[in-house]
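Just so you know, these numbers come straight off a predicted model, no measurement behind them. The first residue in the sequence is number 1, and the count goes up from there. Note that ligands are numbered from 1 as they come in the structure, with each ligand's atoms numbered from 1 the same way.
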Amino acid sequence: MLLSVNDIHKTYQTADGPFAVLRGIDLTLKAGETLALTGESGSGKSTLLHLIGGLDGPDRGEVWLAGQNIATMDDDGRAALRRGTVGVVFQQFNLIPSLRVADNISFQARLAGQEDQAWSAELAERMGLRAHLNKYPEQLSGGQQQRVAIARTLAPKPRLVLADEPTGNLDETTASTVMDLMQELVAETGAGLLMVTHSAGLAGRLARRLHLKAGRIV
Ligand code: ADP
Ligand code: MG
């Protein structure tokens, strides 16, 4: 099993008192599997993704990723995992403005000590970015920026790809093209894909679907 989430709980402290966002979440994902996570705005989808990606720790429960329980790791351990094993694609692209496209694509692979120039070049080619490698992110359209972000995520060959509404800022046609490319490349690498979306259409592209409501999977 690539990913096993066991009885995860997360409560945020707010001005109105504690707010239990996740109240006992279980899910599993095998290598090569694709899973959509749906739910209304505010249902805790991003929170759950952050816990799985090691961006934050749960109050209770276990997150087993490639044989390690990341819920008990310290910050350094989680950071190492983020660099190598897990890749995250965000709705807001999150490219580094001061770096050219080519260096944005290589950035995480370099940090992880896993740079494979042939693979980075192939990703750029397949993502239709070859003519844009010397440009800066601000010179690209939204769809192009998200393709850079996906290439950057896939460059270190992560075993698990997490995507948080990756096409939420794109028009429908561009979103569909970007999804096609992301799914194709993820499938080729054999990684697992867990994607948050509020779109039933996009969720329907993935093999399984879980719905989050009132802090639980329903
Ligand atoms: P979704 O991604 O499904 O829209 P989120 O996981 O972003 O939901 O947020 C779930 C709930 O938790 C929301 O009500 C949000 O306002 C709240 N929340 C998210 N992050 C924090 C935080 N750091 N502190 C307090 N409340 C938060
Ligand atoms: Mg969200």
Side-chain angles (χ1 to χ4, degrees), residues 3-29 33-65 70-75 78-79 81-82 86-95 142-143 145-150 152-153 158 160-172 174-176 178-179 182-183 186 191-218:
L3 171 68
S4 182
V5 171
N6 305 324
D7 198 27
I8 282 290
H9 292 250
K10 183 74 178 178
T11 295
Y12 287 125
Q13 301 306 325
T14 71
D16 302 329
F19 173 61
V21 191
L22 302 177
R23 302 185 302 131
I25 302 288
D26 298 290
L27 67 86
T28 58
L29 189 75
E33 265 194 324
T34 61
L35 175 63
L37 183 65
T38 57
E40 284 176 14
S41 181
S43 59
K45 304 182 299 296
S46 294
T47 299
L48 179 56
L49 214 70
H50 286 178
L51 297 178
I52 292 171
L55 295 160
D56 195 4
D59 299 334
R60 208 173 103 195
E62 298 173 342
V63 178
W64 289 89
L65 184 59
I70 66 170
T72 57
M73 280 183 184
D74 61 13
D75 289 348
R78 283 206 284 256
L81 194 83
R82 282 203 298 279
V86 192
V88 189
V89 180
F90 299 96
Q91 182 175 347
Q92 314 286 354
F93 320 144
N94 290 356
L95 298 176
Q145 289 190 49
Q146 192 59 307
R147 282 184 274 143
V148 175
I150 291 166
R152 174 182 62 181
T153 296
L160 174 64
V161 175
L162 304 175
D164 196 348
E165 309 209 26
T167 60
N169 279 351
L170 306 177
D171 65 73
E172 209 174 312
T174 308
S176 176
V178 168
M179 273 298 293
M182 182 172 78
Q183 285 190 265
V186 167
L193 173 65
L194 174 52
M195 183 179 80
V196 166
T197 181
H198 58 256
S199 154
L202 290 180
R205 284 168 161 258
L206 305 193
R208 282 196 294 143
R209 173 173 172 178
L210 296 177
H211 190 75
L212 205 53
K213 190 169 182 183
R216 313 204 58 132
I217 301 249
V218 294

Determine yes or no for a side-chain-to-main-chain donor-acceptor pair under 3.5 angstrom, with Thr28 supplying the side chain and Ser4 the backbone. no

Check for a donor-acceptor pair, side chain of Gln183 on one end and backbone N or O of Val178 on the other, with a separation under 3.5 Å. no

Can you tell me if an N/O/S atom from Ser46 lies under 2.8 Å from the Mg ion (ligand 2)? yes

Within less than 4.0 angstrom of ligand 1, does Gly39 place any heavy atom? no

Suppose we measure from atom 5 (P) of ligand 1 to each protein heavy atom; which comes out shortest, and what is that distance? Thr47 OG1, 3.7 Å

Could you tell me whether some N/O pair between Thr14 and ligand 1 is separated by less than 3.5 angstrom? no

Tell me, which protein residue and heavy-atom name are nearest atom 14 (O) of ligand 1, and how many Å apart are they? Phe19 CE2, 3.6 Å

If you scan protein heavy atoms around atom 11 (C) of ligand 1, the nearest is Gly42 O, 3.5 Å

Just to confirm, does any protein heavy atom lie below 4.0 Å from atom 1 (P) of ligand 1? yes

Is Val21 in polar range of ligand 1, meaning some N or O pair under 3.5 Å apart? no

Say whether, by atom type as modelled, one donor and one acceptor occur between the side chain of Asn6 and the main chain of Glu62 under 3.5 angstrom. no

Just by distance, do the side chain of Asp56 and the backbone of Leu51 share a donor-acceptor pair under 3.5 Å? no

State whether Asp164 and Lys45 are salt-bridged, where the test is any N-O pair (Lys NZ or Arg NE/NH1/NH2 against Asp/Glu carboxylate O) under 4.0 Å. no

His198 atom NE2: more than 12 heavy-atom contacts under 6.0 Å: no

When only distance counts, is Lys45 in polar contact with ligand 1, meaning an N/O pair under 3.5 Å? yes

Work out which heavy atom in Val88 is nearest to a heavy atom in Thr153; give both atom names and the distance. O-OG1, 3.2 Å

Check each atom of ligand 1 against the heavy atoms of Glu40 and keep those under 4.0 Å away; list them by number with element. 3 (O)

Is it the case that over 12 heavy atoms from other parts of the model lie below 6.0 angstrom from the CD atom of Gln13? yes

Which residue and non-hydrogen atom of the protein lie closest to atom 19 (C) of ligand 1, and at what distance in Å? Tyr12 CE1, 3.3 Å

Show the nearest heavy-atom pair for residues Arg23 and Ala214, with the distance to one decimal. NH2-O, 2.8 Å

To which protein heavy atom is atom 8 (O) of ligand 1 closest, and what is the distance rounded to 0.1 Å? Gly44 N, 3.2 Å

What residue and heavy atom of the protein are closest to atom 7 (O) of ligand 1, and at what distance? Ser46 CB, 3.7 Å

Using a strict cut-off of 4.0 Å, indicate which atoms of ligand 1 neighbour a heavy atom of Ser41. 4 (O)

